[in-house]
Engineer: 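The following block contains the structure, expressed as structure tokens.
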Amino acid sequence: MSTEPLVRTDRFDRLTLAHDASHYLLIPEAVATPRNVDELSALIRRARRDGTGLTFRSGGTSLSGQAVTSGLLADTRRHFGAIEVLDDGARVRVQPGAVVRQVNARLAPHHTKLGPDPASDGACTLGGVLANNSSGMLCGTEYNSYQTLESLVLVLPSGTVIDTGTADADEKLRLTEPDLYAGLVTLRDRIRGNPDSVATIRRQFSMKNTMGYGLNSFLDHDSATEILAHLMIGSEGTLGFIAEATLRTVPVHPHVGTGLLVFDSLSAAMAALPDLVDTGLATVELLDAQSLRVAQALRNSPEAIRRLEVQRHAALLVEHHAPSSDELTERLRTTERVTAELPLFGPAAMSTEASTRGSLWTVRKGLYAAVAEARPQGTTAMLEDVVVPVGALLEACESLTELFDRYAYPESVIFGHAKDGNVHFLLNEEFGSDVQRYTDFTEDMVQLILGLGGSLKAEHGTGRIMAPFVRRQYGDELTEVMIAVKRLCDPDGVLNPGVLLNDDESAHISNLKTTLPVEDEVDRCVECGFCEPVCPSRTLTLTPRQRIVARRELAAARQRGDSELVNEITERYEYAGNQTCAADGMCSTACPVGIDTGDLARRLRGTQTGTAEQGVWDAAARAWGPFTAAGSLALTAAAAVPGATAASELGRALLGTEVVPRYDHGLPAGGPPRQGWRSEQAEVVWFDACIQTMFGPEPGQQPLARAVEELFRRAGVVVRTPAGLQGLCCGTPWSSKGKHTGHATMAERTVPALVEASEQGRLPIVCDAASCTEGLLKSAKDSQPTLQILDLVAYARAELLPRLTVRRKVESVVLHPTCSSRQLGLDADLQAIAGAVAEEVVVPTSWGCCGFAGDRGLLHPELTAAATEAEAAEVAQREFSAYASLNRTCEIGMTRATGRPYQHILQLLAECTR
């Protein structure tokens with residue numbers, strides 16, 4: 001079998017993979033997705049042979065330009081995502097494509113987690129965390145990747161693979177890489193023999209510091225292999241490829257107390273810092289005056305901030321973590337004694353209540369989103385970080401504020417990890433033809449931070465942005481040591497050239513990213529990539545970031561008059577960007593600025609709809625009852641016809657995959673017709689979703705409608721349904737396709753019927769399919785009077801479950817939350833009902849949207865197959881007593897993916913209370 005990975009050179013793939021979260025842009029000459037170490041090694045050999053730079057990319061959340069290249073770009077996320085929990089969670093073995101949050105989810109049952117806790121944990125991968133020595137709000141310098149590393153499996157540019165965790169690793173390195181081995185030992189002795197070098201390294205790495213190579217490796221370790229392993233941490237892919245890492249974990253303390261301390265000035269906040277840190281606080285986050293002004297506009301911002309007339313104020317967000325409630329109580333008392341003596345502006349209450357704590361963290365975590373979203377059109381949001389000794393933090397913050405004023409960056413905010421002397425600042429800059437302002441600001445900032453004895457990079461990595469300043473920070477001797485390290489490991493200079501070490505003094509202002517105005521969703525995007533791990537199509541076609549990038553590149557090609565590229569992007573985007581977008585809105589849940597690329601997909605689909613097609617869908621809206629009945633009968637008939645699958649394939653070939661759904665005998669037969677209930681004494685309105693009629697239950701299961709009737713009756717709840725229920729719909733089939741006329745037609749029929757049935761909004765309306773609940777909320781968002789629309793799962797937990805008796809429990813149930821349940825906040829309700837009927841409830845750690853998305857799973861079943869691959873593999877690892885969700889089409893998607901019969905959780909509730 002060939003070890004050569006597929007290398008793609010077409011412009012569409014190269015452009016859509018080129019962008020990362022930084023303000024740099026280089027277009028790779030080729031991209032590849034290696035599937036294993038052998039293919040990765042083949043890429044390195046190719047790069048050495050061709051003299052082409054090779055850059056490893058996983059999450060692409062990098063902010064300093066270390067994940068872009070004009071050479072060969074290797075996507076190491078897709079096939080390097082393995083996670084293995086070891087020693088009951090005391091250690092974990094990971095590959096570079098594993099996302100931090102996924103790893104922590106696997107560790108959660110063991111009450112441990114990774115030491116590094118970057119804010120981008122939902123998107124950043126272990127490859128990036130290790131390559132940048134990322135830290136975060138809690139880990140400081142004690143629990144970062146460098147300190148928690150146990151061993152690595154490395155692929156060196158020569159092709160040698162070294163597992164530093166084996167007993168003979170040092171001997172293998174000596175025999176297979178004698179020059180590298182001897183060179184590392186020589187450099188170790190050179191550094192240790194120079195007191196100035198030792199003093200500089202000790203001082204630099206007493207702080208958070210990701211500037212240059214981790215030369216502390218030469219002081220902290222003796223063996224060449226351990227030195228090499230720890231040099232790899234923070235090396236930004238310039239020395240070798242980390243194929244696997246084994247890390248020691250840290251305990252998760254379940255008891256947490258959080259508070260916000262507001263001071264009348266930054267100096268007052270800094271003066272209080274030492275006494276506060278002495279109380280054992282896990283987190284001390286700084287927010288400057290501009291941060292507080294921005295925070296006042298944030299949703300869920302605490303009242304204490306909203307009513308503050310911000311002048312020179314500053315705040316510290318503080319938090320205690322403890323293994324027991326008694327210990328937390330004692331720590332909170334200690335902190336309260338200290339805060340009682342501080343010149344605070346307002347009360348200093350510490351809270352253990354989850355919603356209050358969440359509101360407080362809204363202030364800290366929402367700053368980046370608020371400033372980035374409000375940036376002027378065409379500008380780039382730049383999030384930078386520096387570190388100084390804690391005693392110099394006040395001067396650093398005040399001087400940075402002066403620089404913002406001097407260089408006219410009026411909306412810039414300063415926030416960060418005060419306990420570590422590490423702050424972030426956010427600039428909005430337009431990188432046009434003139435970069436002098438940015439150049440001058442950077443020079444003054446460099447002088448400021450180095451003058452205070454700090455480091456120009458604390459967490460985000462040297463990258464391209466600070467590579468020209470490494471010599472300024474470390475001096476000639478230690479910079480020459482770094483250059484020697486690079487030559488020893490990568491003598492041909494093929495790995496990530498231009499990153500971390502760069503003699504070009506203008507490298508930080510070269511290859512800057514510019515943006516054109518395109519569309520609302522596109523213009524707001526900061527290309528951080530937070531959306532990518534939750535996107536159903538991420539392994540099939542494009543991610544939301546890539547869709548936005550494609551739209552930007554299309555606009556740029558049009559502006560240049562590059563008609564060939566315009567045609568290529570337009571043609572490729574139709575399937576990759578439009579047809580296989582689930583439009584599920586999951587991207588908006590992860591996006592820091594709330595972008596829903598599903599809105600973009602729906603709008604583009606609408607513009608592609610001709611008058612005749614709009615008319616057909618409008619007609620369907622007017623005759624929805626017969627239409628759904630016909631669909632149900634068709635599925636029932638098809639189940640009995642051997643040639644139905646072949647007929648659907650013929651129709652797809654003749655009329656197109658966007659018109660004719662794919663039928664196979666894995667689909668259920670049609671469901672029962674919707675029945676009307678017109679009780680005068682009803683206490684709730686039941687909206688029986690039409691998808692229950694279109695798609696019946698799995699063989700042997702009770703139809704959901706009959707199960708719901710049974711539950712209402714058994715709980716003594718009297719219900720009614722809207723008049724003309726058979727012809728009503730939530731509107732999602734039209735809105736998801738951009739059929740605006742049909743959607744309006746259906747809303748004009750459904751909403752008045754709900755108003756009338758609910759007695760002008762007095763009665764709650766419950767819907768038995770999560771996606772349809774979401775659709776009803778959208779259709780009725782402007783209704784007068786306001787309607788109380790609930791999902792049946794939420795209603796059942798609150799109103800039915802207390803009135804029912806669970807007569808038997810199943811041993812185990814695995815749940816599939818849906819994109820709608822996540823957005824509607826129903827997951828806790830789903831798990832509560834499952835917990836009432838099952839001894840064990842499992843939500844797969846690899847859970848994600850199934851990609852069925854109404855009819856997407858019928859039109860493009862490959863989307864659902866790709867979206868469910870990881871979750872289905874996890875579910876298949878064991879047998880469960882039951883498989884449940886809360887939306888019929890999602891249940892079909894998961895049944896197809898796993899071969900297990902998924903059902904609505906209320907079907908299981910009916911069975912267990914019968």
Engineer: Between CG of L542 and CD of E532, what distance do you get to the nearest 0.5 Å?
Structural biologist: 10.0 Å

Engineer: For the pair E521 and R551, find out whether any cationic side-chain nitrogen is under 4.0 Å from an anionic carboxylate oxygen.
Structural biologist: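 Looking at E521 and R551, the cut-off is not met.
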
Engineer: Kindly say whether P901 contributes a backbone atom to a donor-acceptor pair with the side chain of T895 at under 3.5 angstrom?
Structural biologist: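 No, the answer is negative, given that no donor and acceptor are paired below the 3.5 Å cut-off.
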
Engineer: My understanding is that only one of V522, T16, L604, T541 makes a side-chain contact (heavy atoms from CB on, under 4.5 Å) with R547; could you say which?
Structural biologist: T541

Engineer: Can you find a side-chain donor-acceptor pair between T913 and R714 that sits under 3.5 Å?
Structural biologist: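 There is such a pair (donor and acceptor under 3.5 Å, judged by atom type) between the side chains of T913 and R714.
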
Engineer: Does a side-chain N-to-carboxylate-O contact under 4.0 Å join R720 and E759?
Structural biologist: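 Looking at R720 and E759, the cut-off is met.
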
Engineer: Let me see the working for H904 and L886 under side-chain contact (heavy atoms from CB on, under 4.5 Å), right down to the final yes or no.
Structural biologist: CA-CA 5 Å; H904 196 285; L886 67 171; 3.8 Å; yes

Engineer: With the threshold set at 4.0 Å, does a side-chain nitrogen-carboxylate oxygen contact exist between R538 and E869?
Structural biologist: no

Engineer: I'd like to know if R822 and D584 make a salt bridge, using a cut-off of under 4.0 Å between side-chain N and carboxylate O.
Structural biologist: no

Engineer: Do you see a donor-acceptor pair shorter than 3.5 Å between the side chains of E891 and Q903?
Structural biologist: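 The answer is no; no qualifying pair exists.
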
Engineer: Parallel, tilted or perpendicular: which describes the rings of Y883 and F880, with under 30° parallel and over 60° perpendicular?
Structural biologist: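 Aromatic pair Y883/F880 classed perpendicular.
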
Engineer: Could you give me the CA-CA distance, side-chain angles and deciding distance for F712 and L800, then say whether side-chain contact (heavy atoms from CB on, under 4.5 Å) is met?
Structural biologist: CA-CA 7 Å; F712 278 137; L800 299 185; 4.0 Å; yes

Engineer: Taking E840 first and then K809, would you say they form a salt bridge - that is, a charged N and a carboxylate O separated by under 4.0 Å?
Structural biologist: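 Judged by the 4.0 Å cut-off on N to carboxylate O distance, E840 and K809 do not form a salt bridge.
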
Engineer: Measuring from L777:CG to Q823:CD, what's the distance to the nearest 0.5 Å?
Structural biologist: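 So the CG of L777 and the CD of Q823 are separated by 11.5 Å.
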
Engineer: If we ignore hydrogens and angles and just use 3.5 Å, is the side chain of T750 paired with the main-chain N or O of A747 as donor and acceptor?
Structural biologist: no

Engineer: For the CZ atom of R674 and the OG atom of S632, what is their distance to the nearest 0.5 Å?
Structural biologist: 12.0 Å

Engineer: To the nearest 0.5 Å, how far apart are CD in E911 and CD in Q907?
Structural biologist: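 One gets 9.5 Å once the value is rounded to the nearest 0.5 Å.
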
Engineer: Have T845 and E874 got a donor and an acceptor in their side chains that come within less than 3.5 Å?
Structural biologist: yes

Engineer: Heavy-atom count check: over 12 atoms from other residues, nucleotides or ligands less than 6.0 Å from Y575 OH?
Structural biologist: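 Above 12, so yes.
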
Engineer: Are any of the side-chain nitrogens in R803 or E799 under 4.0 Å away from the carboxylate oxygens of its partner?
Structural biologist: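 A salt bridge is present here (some side-chain N lies under 4.0 Å from a carboxylate O).
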
Engineer: Can you find a side-chain donor-acceptor pair between T741 and D618 that sits under 3.5 Å?
Structural biologist: no

Engineer: Let's go through L863 and S537 carefully: what are the C-alpha distance in whole Å and the side-chain angles of both, what is the deciding distance for side-chain contact (heavy atoms from CB on, under 4.5 Å) to 0.1 Å, and is it a yes or a no?
Structural biologist: CA-CA 6 Å; L863 174 60; S537 61; 3.7 Å; yes

Engineer: Taking T721 for its side chain and W686 for its backbone only, find out whether a donor-acceptor pair lies under 3.5 Å.
Structural biologist: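 Absent.
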
Engineer: To the nearest 0.5 Å, what is the distance between OG1 (T868) and NE2 (H816)?
Structural biologist: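 Going from OG1 on T868 over to NE2 on H816, the span is 8.5 Å.
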
Engineer: Dump the intermediate steps for side-chain contact (heavy atoms from CB on, under 4.5 Å) on Q675 and R706, then the final yes or no.
Structural biologist: CA-CA 10 Å; Q675 295 183 6; R706 303 293 86 84; 3.7 Å; yes

Engineer: Hey, does the side chain of R605 reach the backbone of N578 with a donor-acceptor pair shorter than 3.5 angstrom?
Structural biologist: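 Between the backbone of N578 and the side chain of R605 there is a qualifying donor-acceptor contact (under 3.5 Å).
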
Engineer: Would you give the length of the straight line joining atom CG of L633 to atom CE of M694, rounded to the nearest 0.5 angstrom?
Structural biologist: 10.5 Å

